[in-house]
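A quick note: this is a predicted structure, and the numbers were derived from the prediction, not measured.
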Protein chains: 2
Amino acid sequence: MAPRDAIRPALRDAMMTDPCIGCGGRLAGLCQPLDTSALDEISSESERVTQSARTVLFREGDPAVRAFSIGAGIVKLSRLLSDGKQQVVGFRFAGDIVGYGTGKTYPYDAELLTGASFCRIERSRLDTLLRRHPVMERRLLDMCLQELAATQDQLVTVGRRSAEARVASFLLGLEEAYRRRGAVPDPLPMPMTRSDIGDFLGLTLETVSRSLSHFKKQKWIEEPAHQKLRLSDRAMLTELAEGMVQDL
Amino acid sequence: MAPRDAIRPALRDAMMTDPCIGCGGRLAGLCQPLDTSALDEISSESERVTQSARTVLFREGDPAVRAFSIGAGIVKLSRLLSDGKQQVVGFRFAGDIVGYGTGKTYPYDAELLTGASFCRIERSRLDTLLRRHPVMERRLLDMCLQELAATQDQLVTVGRRSAEARVASFLLGLEEAYRRRGAVPDPLPMPMTRSDIGDFLGLTLETVSRSLSHFKKQKWIEEPAHQKLRLSDRAMLTELAEGMVQDL
DNA sequence: CGGAGGTTTGACGTAGATCAATTTGTGTGG
DNA sequence: CCACACAAATTGATCTACGTCAAACCTCCG
C-alpha cells in the first residue's frame with residue numbers, strides 16, 4: 001500500500017516563516033474565544049509558516065515538541081503498520097489543531113495534501129498558554145470531544161459498511177468538512193489520491209476507483225476536472241452511505 | 001446482528017442510590033488532582049449509583065443531561081445502524097467518564113456488561129465544576145486525548161488487520177485495560193459476548209468464535225471458566241496482532 | 001516529449017460473511 | 001432441586017464482496 005514516499009523533491013519549495021501576527025495567524029480555531037491582549041501574547045509565542053503540498057509536518061514516533069494550528073490547507077494523518085499497510089486516521093482542515101496529545105511522541109504521520117499555512121507553537125509554551133487562559137483550554141477540550149465523536153463515526157463506517165457505502169460516506173463527509181468552515185466551494189477540491197481514500201476507509205485504491213467510476217456512470221457525482229468533485233445527487237449518496245440501498 | 005434487547009427483565013434488580021461520599025465515590029478518575037475542599041463540593045453535586053449487568057445507562061439520541069464516572073464495572077458503548085447492524089465504539093472501565101460530550105444528545109448507547117457502581121452528575125453541574133476547577137478540566141482534556149488516541153488505534157485495527165489479528169489485539173487490549181488501573185486479575189474476566197467482540201472488531205460472532213477456538217487449540221489462550229480468560233502466550237498473540245505471522 | 005505517479009478496468013482468488021444445525025450454558029418456574 | 005426455555009457458543013458448508021495481480025491509460029511536470 002502507498003509506500004512511504006522516499007524524501008520527495010518537494011523540499012525544493014520555499015518555506016516561509018515569520019512571527020504569527022494578525023487574523024488567521026493566531027492559532028485560528030483555538031483562540032476564537034480570546035480577548036485581544038491574550039491574542040497579542042499568543043502572537044509572540046507562535047510563528048506562522050507556509051509550506052507546499054506533500055511536506056511532512058512530522059512522523060509517527062518523532063518527539064512531540066510542537067503543535068500546529070491549520071490556517072489553510074488539508075493535512076493527512078496516518079499510521080504505518082509493520083506490514084507496510086497504511087491507515088489514514090483522519091484529514092484535518094483550516095481551524096483544526098494537529099500534533100497536540102498526551103504522549104511524548106506523535107502517534108501518527110502528518111503530511112500536507114495541499115499547500116498550507118499554519119501556526120507552529122512549542123508544546124510547552126502552548127501548555128503554559130492553556131494554563132493561563134482557561135477559556136482556551138475549554139475550547140481545546142470541545143475540539144477534542146468533537147474529534148473523538150468524528151473518529152467514532154469513522155469507526156462505524158469502516159467497521160460495518162459496504163465499500164460503496166464507505167465511499168459515499170467519505171464524499172459527504174468531505175463536503176460537510178467544507179461546510180463547517182464556511183461556504184462549500186462548488187467543484188469541491190479533493191486533493192487526496194484514491195490510495196489515501198482507500199487507506200482512510202479500509203479499502204484498496206482499486207475498490208475506491210471502481211466505486212467512484214460507478215457513481216459517475218450513475219450521474220451521482222461528476223469530476224469536472226482532476227481532483228475536483230461535484231456531488232450531483234446528494235440524496236442518493238446519503239441513502240447509499242446509510243446502507244438503505246445496495247445499488248439500483 | 002445482536003438485536004436491540006427488547007426491554008429485558010433486568011429491571012427487576014435493585015437500584016441503589018445515595019449521596020456520593022468517600023473515596024471511589026467522587027468521580028474517580030476525574031478528581032485525582034483535587035484537594036479535599038473541592039472534593040466535598042463535588043460529593044454534594046453528584047450521587048452514587050449501583051446497578052446490575054445489562055442495565056442501559058442511556059441510548060443514542062437521548063438528551064445528554066448527565067455524565068457518569070465509573071467506579072467499578074465495565075460499560076459497552078455502541079451505535080446502531082439503520083440496517084440493524086451494531087458497531088461497538090469502545091468499552092469503558094473503572095475511572096473512565098461516560099456520556100460527556102459536545103452534542104445535545106448522546107452519540108451512542110451505553111450498557112453495563114457487569115454489575116457496576118458509578119457516580120452520576122448533571123451535565124450542567126459538571127460544567128460549572130469544570131469552570132471552577134481548571135485542574136479538573138485539564139484532567140478531562142487529558143482523558144479525552146487518550147481516548148482519542150485509543151479510538152484511532154482501534155480504527156487501525158478494524159481498517160487494516162486480519163480477523164485473527166483483530167481478535168488477538170482485542171485480547172491484549174483487554175488485559176492492558178486492566179493493567180492500567182492496577183493489578184491484572186489472573187483469569188481475566190471477559191464479560192462481553194462473542195457478538196459484542198465481533199461488533200467491536202467489525203467481524204461476525206462466528207469469526208470471533210473460530211479465532212478463539214483456534215487460539216485455544218494452539219494453547220495461546222485458555223478459558224478456565226465461562227467468561228474467564230488467560231493469555232498463555234502473550235508473545236505469540238502480540239506477533240499475531242502485529243500481523244508478523246498469519247498462522248503457523 | 002518523455003517518464004513517473006496516479007487512475008482505470010479486467011480476470012481471478014480468498015478471507016470472512018452467511019446460513020444452518022448442534023451443543024452448552026443459564027436464569028425461571030413448578 | 002430439577003426441568004424447561006432461551007441465549008450464547010461452536011462448528012460445518014457454502015457464497016460473495018472485496019482484495020490481488022496485471023495491463024493499459026491518463027496527466028502533469030521537468
Rounded to the nearest angstrom, tell me the gap between atom CG in Asp83(A) and atom P in dT20(D).
10 Å
With nearest nucleotides of DNA chain D determined for Arg166(A) and His226(A) from heavy-atom distances, which residue corresponds to the more 5′ nucleotide?
Arg166(A)
Given atom CZ of Arg160(A) and atom P of dG16(C), what is their separation to the nearest angstrom?
13 Å
Counting distance only, does the side-chain N/O of Gln87(A) pair as donor-acceptor with the main-chain N or O of Phe200(A) below 3.5 Å?
yes
Do any side-chain nitrogens or oxygens of Ser209(B) fall under 4.0 Å of OP1 or OP2 in dT10(D)?
yes
Give the rounded distance in Å between these two atoms: CG of Leu205(A) and P of dC18(D).
15 Å
Report the distance from atom NZ of Lys228(A) to atom P of dG6(C), rounded to the nearest whole Å.
18 Å
Ion pair check, Arg180(A) and Glu176(A), cut-off under 4.0 Å
yes
Any salt bridge linking Asp233(A) with Lys219(A)? Criterion: basic side-chain nitrogen under 4.0 Å from a carboxylate oxygen.
no
On the nucleotide dG19(D), are OP1 or OP2 found under 4.0 Å from the side-chain N or O atoms that Thr207(A) carries?
yes
Kindly say whether, by distance alone, the side chain of Glu206(A) makes a donor-acceptor pair under 3.5 Å with the base of dC21(D)?
yes
No-H, no-angle donor-acceptor pair, Arg194(B) side chain to dT11(D) base, under 3.5 Å:
no
Atom-pair distance (NZ on Lys217(B); C1' on dT10(D)), nearest Å
10 Å
Classify the nucleic acid contact of Gly202(B) as base, sugar-phosphate or nothing, counting any heavy atom under 4.0 Å across all strands shown.
sugar-phosphate
Mind calculating the distance between NZ (Lys216(A)) and C1' (dT8(C)) to the nearest angstrom?
9 Å
Starting at the 5' end of DNA chain D, which residue's closest nucleotide do you reach first, Thr193(B) or Arg210(B)?
Thr193(B)
Whole-Å distance, Gln227(B) CD to dA9(D) P, equals 7 Å
Could you check whether any side-chain N or O of Arg194(B) sits under 3.5 Å from a backbone N or O of Glu206(B), counting only pairs where one atom can act as donor and the other as acceptor?
no
Mark yes or no for whether Tyr178(B), through its side chain, and Pro189(B), through its backbone, hold a donor-acceptor pair below 3.5 Å.
yes
Under-4.0 Å side-chain N/O to phosphate OP1/OP2 contact, Ser213(A) with dT9(C):
yes
With respect to the side chain of Ser162(B), which nucleotide from dT8(C), dA9(D), dG16(C) is positioned closest?
dG16(C)
Length of the CZ-P vector between Arg54(B) and dA7(D), whole Å:
12 Å
